[in-house]
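Structure first, then comments.
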Amino acid sequence: MLNFNFYNPTYIAFGEGKIADLNNLVPIDARVLVLYGGQSAKIHGTLDKVFSALGQRYVESFGGIEANPSFETLMKAVAQVKERQLDFLLAVGGGSVIDGTKFVAAAIFAQDDPWSILTTFGANVSQAMPYGAVLTLPATGSEMNTGSVITRTATQEKLFFRSEYVFPKFSVLDPTLSYTLPKRQLANGVVDAFTHIAEQYLTYSVNAKVQDRFAESLLLNLIEIGPELLVNPSNYSLQANFMWTATLALNGLIGAGVPQDWATHMIGHEITALHGLDHAQTLAIVLPAMLNERREAKREKLLQYAERVWNIRSGTDAERIDAAIQQTRDFFESLGVKTHLSDYQIDATAIPAILQHLESHGMVQLGEQAEVTIEVSRRVLLAAV
Ligand code: NZQ
Ligand code: ZN
């Protein structure tokens with residue numbers, strides 16, 4: 001029996017110039033902490049627009065949140081919020097800044113060691129500070145979901161947590177803020193959003209026609225838009241379509257009531273933690289190998305994907321599945337995102353440590369049917385070398 005429940009309270013202000021809406025979206029008497037990443041929001045003028053929209057409110061800022069945001073850095077923001085008695089957070093950046101802000105929002109109220117938010121995958125979160133986001137990089141969907149992925153640098157651990165308490169109150173989605181993205185980040189964004197859809201769609205069939213066709217339309221958008229975006233990053237229509245596609249890829253809508261996989265993501269997180277690859281770079285390596293390894297369990301959906309997304313209509317079942325996986329790999333490569341560990345000088349000797357990290361994090365029964373054991377992960381990683 002399908003469960004179609006879908007709850008998402010995030011208000012979306014979409015379009016050019018929508019940063020100005022912050023004046024209505026942030027409470028007038030708020031004591032605000034603006035959180036941002038390295039330099040991009042500063043250099044490209046996004047922060048200035050944000051400060052100007054916040055007007056006379058009391059505002060402090062916290063910069064330096066890294067890609068793959070670190071627990072160590074974020075705890076400094078928690079200290080600032082407490083010391084300065086701030087009461088509203090505003091994330092200005094991509095997935096890392098928004099994820100980091102989610103962690104800060106929850107960690108302020110943590111009763112125990114704040115790292116336990118990650119080790120319990122968010123189960124011990126019962127309160128969070130309200131926050132909003134100004135998105136500068138379409139990719140993760142963090143701007144409209146409850147997920148956050150945090151890295152503990154000292155132990156090379158990258159773990160996620162989820163909590164309904166950390167939905168953003170609002171997100172500003174102004175596609176012009178993404179015009180400055182370098183090719184590498186644009187390509188990463190396309191691959192990440194693509195894989196989010198794949199992990200909710202390429203499972204087993206439960207005859208969920210709306211979720212399936214919605215997922216297929218989002219995939220087709222990415223296939224159409226991705227290559228053009230790399231050439232024309234300042235095209236409003238391309239960026240707007242990309243931004244909304246990436247948001248809808250992981251805001252819970254296409255995943256409502258259907259089985260979900262996420263094995264590729266969990267293995268990818270360990271690769272980033274141990275080897276420093278970008279999040280999407282790990283997905284482009286793991287996804288094709290994972291689809292091939294699990295081709296029997298995913299058979300029906302892979303055939304549907306082959307036909308409806310890649311228009312592959314001839315050949316045996318096995319040939320059509322091979323072709324669909326190859327098209328997926330070729331698409332990632334065409335964007336400049338490599339699909340083998342060896343492209344990053346990582347060989348098979350790295351695999352035991354990745355498996356050991358998976359095991360220590362309890363990632364021993366991954367996938368929509370909990371059949372991705374450590375042994376299956378080993379085969380996937382070997383095939384991905
Ligand atoms: O740090 P700055 O200088 O701001 O530069 C950033 C960063 O180096 C730059 N950037 C962002 N907006 C820009 C820009 N450069 C030029 N112009 C702009 N408009 O891009 C770099 C990467 O930013 P980051 O936020 O790290 O990228 P992304 O949005 O891909 O986020 C990746 C993180 O999100 C997690 C990943 O694991 C990773 O830690 N994820 C979060 C998810 C979620 N919350 O639901 C799901 C995802 O599967 C993913 O795991
Ligand atoms: Zn992802």
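All ligand and atom numbering here is 1-based and tracks the order in the structure.
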Ring centers of Tyr165, Phe109 separated by less than 6.0 Å: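 Ring-ring flag for Tyr165/Phe109: false, centres at least 6.0 Å apart.
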Modelled atom types, side-chain donor and acceptor of [X] and [Y], under 3.5 Å:
X      : Y      : value
Asp322 : Gln326 : no
Ser205 : Gln304 : no
His361 : Glu270 : yes

N or O pair under 3.5 Å between [X] and ligand 1:
X      : answer
Ser178 : no
Leu177 : yes
Ile65  : no

Option among Asn68, Thr272, Asp192, Thr140 that satisfies the side-chain hydrogen bond (donor to acceptor under 3.5 Å, both in side chains) test with His279: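 Going through Asn68, Thr272, Asp192, Thr140 one by one, the side-chain hydrogen bond (donor to acceptor under 3.5 Å, both in side chains) with His279 is satisfied by Asp192 alone.
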With backbone taken as N, CA, C and O and side chain as the heavy atoms from C-beta onward, which portion of [X] lies under 4.0 Å from ligand 1: side chain, backbone, both, or neither?
X      : result
Glu66  : neither
Asp99  : side chain
Asn145 : side chain

Name of whichever N/O/S atom of Asp192 is nearest to the Zn ion (ligand 2):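 It is OD1 of Asp192.
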Among Val286, Thr282, Ile271, side chain to side chain contact (heavy atoms under 4.5 Å, CB included) partner for Leu341: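 Answer to the side chain to side chain contact (heavy atoms under 4.5 Å, CB included) test with Leu341 among Val286, Thr282, Ile271: Ile271.
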Would you mind running through ligand 1 and noting each atom that sits below 4.0 Å from a heavy atom of [X]?
X      : value
Gln39  : 2 (P), 3 (O)
Ser142 : 44 (N)
Asp192 : 47 (C), 48 (O)
Ala67  : 26 (O)
Gly37  : 1 (O)

Does [X] reach the side chain of [Y], with side-chain heavy atoms less than 4.5 Å apart?
X      : Y      : value
Pro233 : Leu186 : yes
His196 : Trp262 : yes
Gln260 : Thr203 : no

Closest approach of any protein heavy atom to [atom], naming residue and atom:
atom                    : result
atom 27 (O) of ligand 1 : Leu137 CD1, 3.4 Å
atom 29 (O) of ligand 1 : Gly95 N, 2.7 Å
atom 25 (O) of ligand 1 : Ser96 N, 2.9 Å
atom 49 (C) of ligand 1 : His279 NE2, 3.3 Å
atom 13 (C) of ligand 1 : Leu181 CD2, 3.3 Å
atom 2 (P) of ligand 1  : Gly38 N, 3.3 Å
atom 15 (N) of ligand 1 : Ser40 CB, 3.5 Å
atom 47 (C) of ligand 1 : His196 NE2, 3.4 Å

Which option wins on minimum heavy-atom distance to [atom]: [options]?
atom                    : options                        : result
atom 39 (O) of ligand 1 : Asn68, Leu250, Val166          : Asn68
atom 11 (C) of ligand 1 : Thr136, Thr282, Ile98          : Thr136
atom 22 (C) of ligand 1 : His269, Gln185, Glu199         : Gln185
atom 37 (O) of ligand 1 : His44, Met144, Lys158          : Lys158
atom 17 (N) of ligand 1 : Asp278, Thr180, Thr146, Val149 : Thr180

Sub-4.0 Å protein heavy atom next to atom 7 (C) of ligand 1: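 Given the 4.0 Å limit, the answer for atom 7 (C) of ligand 1 is no, no protein heavy atom qualifies.
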Atom of Trp115, atom of Ile150 and distance for their closest heavy-atom approach: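 What the structure gives for the nearest pair is CH2-O, 4.0 Å.
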Heavy-atom closest pair, residues Asn145 and Asn251: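 Heavy atoms of Asn145 and Asn251 come nearest at CB-CA, 4.5 Å.
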Plane angle bin for Phe332 and Phe194 - parallel if under 30°, tilted between 30 and 60°, otherwise perpendicular: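 Judged by the thresholds at 30° and 60°, the geometry between Phe194 and Phe332 is perpendicular.
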His265 atom NE2 and His279 atom NE2 as seen from the Zn ion (ligand 2), angle to 10 degrees: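 Reported to 10°, the angle equals 100°.
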Answer yes or no: is there an ion pair linking [X] with [Y], defined by an N-O contact shorter than 4.0 Å?
X      : Y      : answer
Arg308 : Asp212 : no
Asp174 : Lys49  : no
Glu368 : Lys301 : no
Arg320 : Glu307 : no

